[in-house]
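Nothing fancy with the numbering, it's 1 onward along the sequence. Reckoned from all heavy atoms, side chains included, excluding hydrogens, waters and symmetry mates.
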Amino acid sequence: MTRLAQTAGLNDVQREILSTVRDFVDKEIIPVATQLEHRDEYPTQIVEGLKELGLFGLMIPEEYGGLGESLLTYALCVEEIARGWMSVSGIINTHFIVAYMLKQHGTQEQKDTFLPRMALGEVRGAFSMSEPALGSDVSAITSKGVRDGDEYVLNGQKMWLTNGGTSTLVAVLCRSDEGHPEGTAPHKSMTTFLVEKEAGFGEVRPGLTIPGKIDKMGYKGVDTTELIMDDLRIPANRVLGGTTGRGFYQMMDGVEVGRVNVAARGCGVAQRAFELGVSYAQQRQTFGKPIAQHQAIQFKLAEMATKVEAAHAMMVNAARKKDSGERNDLEAGMAKYLASEYCKEVVEDAFRIHGGYGFSKEYEIERLYREAPMLLIGEGTAEIQKMIIGRRLLEEYRFQG
């Protein structure tokens, strides 16, 4: 383990899990990540290895076959995985959010049906809020679910669905006006539907189509897709929690822990960028000595390491706050904002240290340079995080005139 980004207060089980994950990352992910990423190839063997380690059930309670670990343990594992290849942590994240939403909000029947198979990785989760015509404005969702007897009929088009092709269970947020009269606030007329489907692309069940993968600048390997619902019929018992109108709150709860995940991803990518930068700086020579001995490079390394340490500390704080049962939207927003911004800066500094070689696809830093920008927008842009942070601060520091 490096001296940077250490976490105090971990128990023996947590330390053993993290040691196992780091060993897996060093041996099974880092050596093949860049090659797979350049081919935009799904990391099947890596995912199978993660299943064997039990990571798909890391936070699923033991009664459902999971490991029953904390959000902190999960976030630290994500940090390690993202250090190897951020796309792999994305595969885990969407699955984790759906499992978390089921654990927190699902009916007993829904938990019994899905959680044991999700713990084994047999059922793989994805969640879907965004649509082509909206970004951060979730209240503008137009996809709709209409009751028809013992079923709901879903119509609409969703966008930016991570694990869209490989998932077999998708939590989809739609508008549902049943029981919510006209004029009801938009966030009170949304429902999360649990949609089961086959893995793959094309028509994966009657009324549900997953087009091919979206070609992206970075974040490759993991499949990012659209989701098109055309009179898709699902049983009424697949409304998450059994009651309509709660979807917005359920999704926001999932996104809140997802922001801790994205912060952890930013920490992991930044750590890897620092490792690459500090290693290269000790090998590359100019003016008769390694560039690491030039003061300008030492200053840059100092700034990079400080940012890695600060982002890690905020991520750990946000995870621990959630684990304590307290509200953590302020801490999660701060952690996601800081970690993603610092990640971008640390990666760019490592890129600069590499000089012209950083522009070559033969060097790992080139991949990280294309991956870091995704963290600036995933689970809410920096501007959205600032809105959340600002509103919460005004609640905490309300002026008493």
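- Taking CG of Leu194 as the start and CG of Leu240 as the end, the distance is 5.0 Å to the nearest 0.5 Å.
- When only modelled atom types and interatomic distance are considered, Gln250 and Thr192 share a side-chain donor-acceptor pair under 3.5 Å.
- Side-chain polar atoms of Thr225 and Lys213 form no donor-acceptor pair below 3.5 angstrom.
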Decide side chain to side chain donor-acceptor pair (under 3.5 Å) for Asn163 and His95; before the verdict, give the C-alpha distance in whole Å, the side-chain angles of both, and the deciding distance to 0.1 Å. CA-CA 8 Å; Asn163 283 344; His95 175 88; over 6 Å; no
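- When only modelled atom types and interatomic distance are considered, Arg367 and Thr34 share a side-chain donor-acceptor pair under 3.5 Å.
- The environment of CG in Asn11 is crowded: more than 12 heavy-atom neighbours from other residues, nucleotides or ligands sit within 6.0 Å.
- Using a 4.5 Å cut-off on side-chain heavy atoms (C-beta onward), Met387 and Glu383 make no contact.
- Side-chain contact check for Glu275 and Ser279: no donor-acceptor pair (N or O, by modelled atom type) lies under 3.5 Å.
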Worked verdict on Lys321 versus Asp323 for salt bridge (charged side-chain N to carboxylate O under 4.0 Å, His left out): CA-CA 5 Å; Lys321 191 77 177 286; Asp323 283 333; over 6 Å; no
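- Checked by atom type and distance alone, the side chain of Lys103 never pairs as donor or acceptor with a backbone atom of Val98 at under 3.5 Å.
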As a quick check of understanding, evaluate salt bridge (charged side-chain N to carboxylate O under 4.0 Å, His left out) for Arg83 and Asp26, giving each step before the final call. CA-CA 9 Å; Arg83 175 181 155 268; Asp26 287 340; 2.9 Å; yes
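- The neighbour count for Glu41 CD, taken as heavy atoms of other residues, nucleotides or ligands under 6.0 Å away, is above 12.
- One finds no salt bridge joining Glu151 and Arg238 here, because no Lys/Arg side-chain nitrogen approaches an Asp/Glu carboxylate oxygen to under 4.0 Å.
- Using a cutoff of 4.0 Å between basic side-chain nitrogens and carboxylate oxygens, Glu303 and Lys307 are not scored as salt-bridged.
- Of the possible polar contacts, none joining the Asp349 side chain to the Lys300 backbone as a donor-acceptor pair under 3.5 Å is found.
- Using cut-offs of 30° and 60° for the angle between ring planes, the Phe287 and His294 rings count as perpendicular.
- Screening Glu371, Met374, Glu79 for a side chain to side chain contact (heavy atoms under 4.5 Å, CB included) involving Arg265 leaves a single residue, Met374.
- Inter-residue side-chain proximity for Arg391 and Leu393 is flagged as unmet; no heavy-atom pair is nearer than 4.5 Å.
- For the pair Asp230 (side chain) and Gly207 (backbone), a donor-acceptor distance under 3.5 Å is absent.
- Once rounded to the nearest 0.5 Å, the distance linking CD of Gln282 with CG of Leu301 reads 8.0 Å.
- Side chain of Asn155 to backbone of Lys144: no donor-acceptor contact under 3.5 angstrom is found.
- Atoms CG and CG, from Asn328 and Asn317 in turn, are 9.0 Å apart once rounded to the nearest 0.5 Å.
- Between Lys322 and Val260 the shortest side-chain heavy-atom distance does not fall below 4.5 Å.
- You'll find the side chain of Phe351 reaches within 4.5 Å of the side chain of Phe359, heavy atoms only.
- Remark: Glu256 does not engage Arg259 in a salt bridge, criterion side-chain N to carboxylate O under 4.0 Å.
- Inspection of the Glu362 and Ser360 side chains reveals no N or O donor paired with an N or O acceptor under 3.5 Å.
- Across every non-hydrogen atom of Pro116 and Asp112, the tightest pair is CD-O, 3.4 Å.
- For the 3.5 Å distance criterion, the side chains of Gln110 and Asn237 fail to qualify, holding no donor opposite an acceptor.
- Contact of the Ile81 side chain with the Leu50 side chain is registered, since non-hydrogen atoms from C-beta on lie closer than 4.5 Å.
- How far CG of Leu330 is from CD of Glu395: 9.5 Å, rounded to the nearest 0.5 Å.
- Counting only heavy atoms from C-beta outward, the side chains of Tyr74 and Asn261 approach each other to under 4.5 Å.
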Evaluate the side-chain contact (heavy atoms from CB on, under 4.5 Å) criterion for residues Leu53 and Phe24: first the C-alpha distance (whole Å), next the side-chain angles of each, then the deciding distance (0.1 Å), finally the verdict. CA-CA 9 Å; Leu53 291 178; Phe24 180 85; 3.9 Å; yes
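- Within the 3.5 Å criterion, the main-chain N or O of Val25 finds no donor-acceptor partner in the side chain of Glu80.
- With Glu131 contributing its side chain and Thr142 its backbone, the two residues share a donor-acceptor pair below 3.5 Å.
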For Glu348 and Arg352: C-alpha separation, side-chain torsions, deciding distance, then whether salt bridge (charged side-chain N to carboxylate O under 4.0 Å, His left out) applies. CA-CA 6 Å; Glu348 182 171 337; Arg352 290 172 182 268; 2.9 Å; yes
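- The backbone N or O of Ala82 sits nowhere less than 3.5 Å from a side-chain atom of Arg272 that would complete a donor-acceptor pair.
- Counting heavy atoms from C-beta outward, Met229 and Val172 have side chains that approach closer than 4.5 Å.
- Under a 3.5 Å cut-off, the side chain of Glu37 and the backbone N or O of Trp85 do not form any donor-acceptor pair.
- Between His354 and Tyr280, the ring planes are parallel. Angles under 30° get that label, and only those over 60° would be called perpendicular.
- Counting heavy-atom neighbours within 6.0 Å of Glu122 CD, excluding the residue itself, gives a total above 12.
- Scored by the side chain to side chain contact (heavy atoms under 4.5 Å, CB included) test, Tyr249 finds His187, Lys188 as partners (sequence neighbours excluded).
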From CA spacing to verdict: side-chain contact (heavy atoms from CB on, under 4.5 Å), Met86, Leu375: CA-CA 10 Å; Met86 192 182 72; Leu375 298 173; 3.6 Å; yes
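- Residue pairs satisfying the salt bridge (Lys or Arg N to Asp or Glu O under 4.0 Å) criterion with at least one member in residues 52-72, sequence neighbours excluded, are absent.
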Can you check side-chain contact (heavy atoms from CB on, under 4.5 Å) on Val239 and Thr243, steps first, answer last? CA-CA 7 Å; Val239 169; Thr243 304; 5.8 Å; no
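- Side-chain N or O atoms of Arg205 include none that pairs as donor or acceptor with a backbone N or O of Lys197 at under 3.5 Å.
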Verify side-chain contact (heavy atoms from CB on, under 4.5 Å) between Asp215 and Lys220, making sure each step is shown before the conclusion. CA-CA 8 Å; Asp215 192 17; Lys220 293 178 179 290; 3.2 Å; yes
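- Taking each heavy atom of Cys77 and Ile17 in turn, the nearest pair found is SG-CG2, 3.6 Å.
- To the nearest 0.5 Å, the span separating CG on Leu10 from CD on Gln6 amounts to 9.0 Å.
- In this structure, Tyr100 has no ring pair (Phe, Tyr, Trp, His ring centres under 6.0 Å) partners at least two apart in sequence or on a different chain.
- Using a distance-only test at 3.5 Å, with no hydrogens or angles considered, no donor-acceptor pair links the side chain of Thr381 to the main chain of Ile377.
- Rounded to the nearest 0.5 angstrom, Phe299 CZ and Met304 CE are separated by 15.0 Å.
- A cation-pi geometry, defined here as NZ or CZ lying under 6.0 Å from the six-membered ring centre and within 45° of its normal, does not hold between Lys51 and Phe56.
- For the pair Ile141 and Ser130, the minimum side-chain heavy-atom distance is 4.5 Å or more.
- Within a 6.0 Å radius of CZ in Arg39, other residues, nucleotides and ligands contribute more than 12 heavy atoms.
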